[in-house]
Amino acid sequence: MRVVQKFGGSSVADAASIKRVARRIVATQSEGNEVVVVISAMGDTTDELMDLAQQVSPDPPPRELDMLLTAGERMSAALLSMAIADIGSSARSFTGSQAGIITTGTHGDARIIDITPGRIVSALDEGDIVIVAGFQGVSQTSKDVTTLGRGASDTTAVALAAALGADYCEIYTDVDGVFTADPRIVPTARRIPEIRYDEMLEMAACGAKILHLRCVEYARRENVPVHVRSSFSHRPGTWVRDAEPSEGEPMEQALISGIAHDRGEAKITVVGVPDRVGVAARLFRTVADAEINVDMIVQNVSHTLGRTDISFTIPQSAGSRTIEILKAIQAELGFERLLYDDQIGKVSVIGVGMRTHPGVTATFFGALADAEVNIEMISTSEIRISVVVHSDDVDRAVKAAHTAFSLDAEGEAVVYAGTGR
Ligand code: ADP
Ligand code: ASP
Ligand code: MG
């Protein structure tokens, strides 16, 4: 078999962990597999490098930030390769660029355009284990080093698995798989043995950072089976894949597959917008042209005649930029003022089963009311209900929803490592 294994930062936080992971990789090879490993930076290295950059410049040039951050993965790749050599196997480390990962030129958020894995394939042919530095590539146009976004080593792994025709992709992390909620918040969360791409996509999109969103998109498009599991145990994890219709009985579909939360968004309220045709279009066109993703939108009828308030959420990282570009069109649009609130969190209930089941919303909102959580915004899709609440209420809301949908289980959710940063 040909296997791609990805190890997250908490699995390689120090020298001892790197040696432990090296033994695990060599064991996979000894079972007769060709192994390609994607590795993240050690522990919280990426955050520490970001902090360091902030100390020398509050607004570092994105190109240089990518040069800096990619160094984290380069370090762990080389160290892992050394640790493997030390136990008598042969490994070769590659940067994203050397591995043939060609991307767009958007620093900090580049997308993979193509993979030319020639050097990986030759190394495998020569019997080596291949180690690839995660979350990075090289821009097709500028030839500069790029990064694919925070948490994107998952995406590197699945993209490589697809390009190399691997049988499956293993994502090793600090919990035993995908749970019905973040085990750091809900210790009674239940491991999901198998989840379909659609539901995993929705979980990831709603902030469950166990898998990077684009990694799930990639896996679904290329039909790569993904096994999410712990590098600290040998327990089976979660298989992300679509069940074969030929595999006998259809999978029993749970009503709710899980609760996800996201603390990464901020809410902007545009107060006193003239209630005229075309104003909302102009507002959101401006935001979109700046490549800022808007998530939820609510328009309220305002107290003042002929005016409304429009609230929407965006990534916190785009907060000051959004305020700036909106101020620039304030006179033209004629709104009164802007409010900015980053003390919010989004809590989402996800499940394909809710399509055919009335009452999910009522149960969710009832649970929030009993937990005395105030709802600030609401949005829904066919398989999801999301609310925005105050950031202090996020944990309480997640726990309440988890219990209300009877997802609690006994003591399965172990968090082995990591700081949750
Ligand atoms: P890695 O460093 O291995 O990439 P991450 O920190 O990115 O690990 O992702 C693993 C973390 O995701 C877990 O420690 C857990 O706190 C968090 N998480 C959030 N939602 C879930 C979920 N539904 N199931 C499992 N883990 C989750
Ligand atoms: N080290 C990078 C990050 O922390 C990429 C990753 O770990 O997936 O975002
Ligand atoms: Mg991750």
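Since the structure is predicted, the reported quantities are computational estimates derived from the model, not experimental observations. Just the heavy atoms: all of them, side chains too, but no hydrogens, waters or symmetry mates, feed the values below. As the structure lists them, so they are numbered: ligands from 1, and atoms in each ligand from 1.
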Looking at every heavy atom in both V4 and A157, which two are closest together, and how far apart are they?
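Taking V4 first and A157 second, the nearest heavy atoms are CG1-O, 3.6 Å.
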
Distance-only polar pair, side chains of [X] and [Y], donor-acceptor under 3.5 Å:
X    : Y    : result
S90  : D128 : yes
T147 : D66  : yes
S11  : S231 : yes
S379 : R384 : yes
R282 : T286 : yes

When you measure from the side chain of S122 to the backbone of G118, do you find a donor-acceptor pair of N or O atoms at a distance under 3.5 Å?
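Indeed, once roles are kept as given, a pair shorter than 3.5 Å links the two residues.
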
Touching ligand 2 at all, [X]? Heavy atoms, strictly under 4.0 Å?
X   : answer
G8  : no
E73 : yes
G72 : no

At less than 4.0 angstrom from any non-hydrogen atom of [X], what atoms of ligand 1 do you find?
X    : result
G9   : 2 (O)
K6   : 4 (O)
G177 : 24 (N), 25 (C)
K209 : 6 (O), 7 (O), 9 (O), 12 (O), 19 (C)
V178 : 24 (N)

With H227, which of Y172, Y168, W239 fulfils ring pair (Phe, Tyr, Trp, His ring centres under 6.0 Å)?
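Running ring pair (Phe, Tyr, Trp, His ring centres under 6.0 Å) over Y172, Y168, W239 with H227 returns exactly one hit, W239.
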
Of the protein's non-hydrogen atoms, which lies at the shortest distance from [atom], and what is that distance?
atom                   : value
atom 4 (O) of ligand 2 : R150 NH2, 3.0 Å
atom 7 (O) of ligand 2 : S40 OG, 3.0 Å
atom 6 (C) of ligand 2 : S153 OG, 3.3 Å

So which bit of V175 gets within less than 4.0 Å of ligand 1, heavy atoms only: side chain, backbone, both or neither?
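It is the side chain that touches ligand 1; the backbone stays farther off.
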
Thinking salt bridges, do K209 and D182 make one under a 4.0 Å N-O criterion?
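Here K209 does not pair with D182 in a salt bridge, since their nearest N and O are not under 4.0 Å apart.
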
Lys/Arg N to Asp/Glu carboxylate O, D289 vs R285, below 4.0 Å:
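Judged by the 4.0 Å cut-off on N to carboxylate O distance, D289 and R285 do form a salt bridge.
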
Using a plain distance cutoff, I'd like to know if D174 has any nitrogen or oxygen under 3.5 Å from a nitrogen or oxygen of ligand 1.
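Yes, since at least one N or O of D174 sits under 3.5 Å from an N or O of ligand 1.
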
When only distance counts, is P183 in polar contact with ligand 1, meaning an N/O pair under 3.5 Å?
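No: no nitrogen or oxygen of P183 is under 3.5 Å from one in ligand 1.
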
For ligand 2, which is the ligand I care about here, please tell me if D154 has any N or O atom under 3.5 Å from one of the ligand's N or O atoms.
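The answer is no, given that D154 and ligand 2 share no N or O pair closer than 3.5 Å.
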
If I apply the N/O under 3.5 Å rule, does F135 come out as touching ligand 2?
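By distance alone, the answer is no.
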
Check if V415 has a non-hydrogen atom at a distance under 4.0 Å from any atom of ligand 1.
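Flag not set, V415 not near ligand 1.
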
Establish, yes or no, whether the cationic atom of R20 lies under 6.0 Å from the six-membered ring centre of F232 and within 45° of the ring axis.
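Ring-cation test returns yes.
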
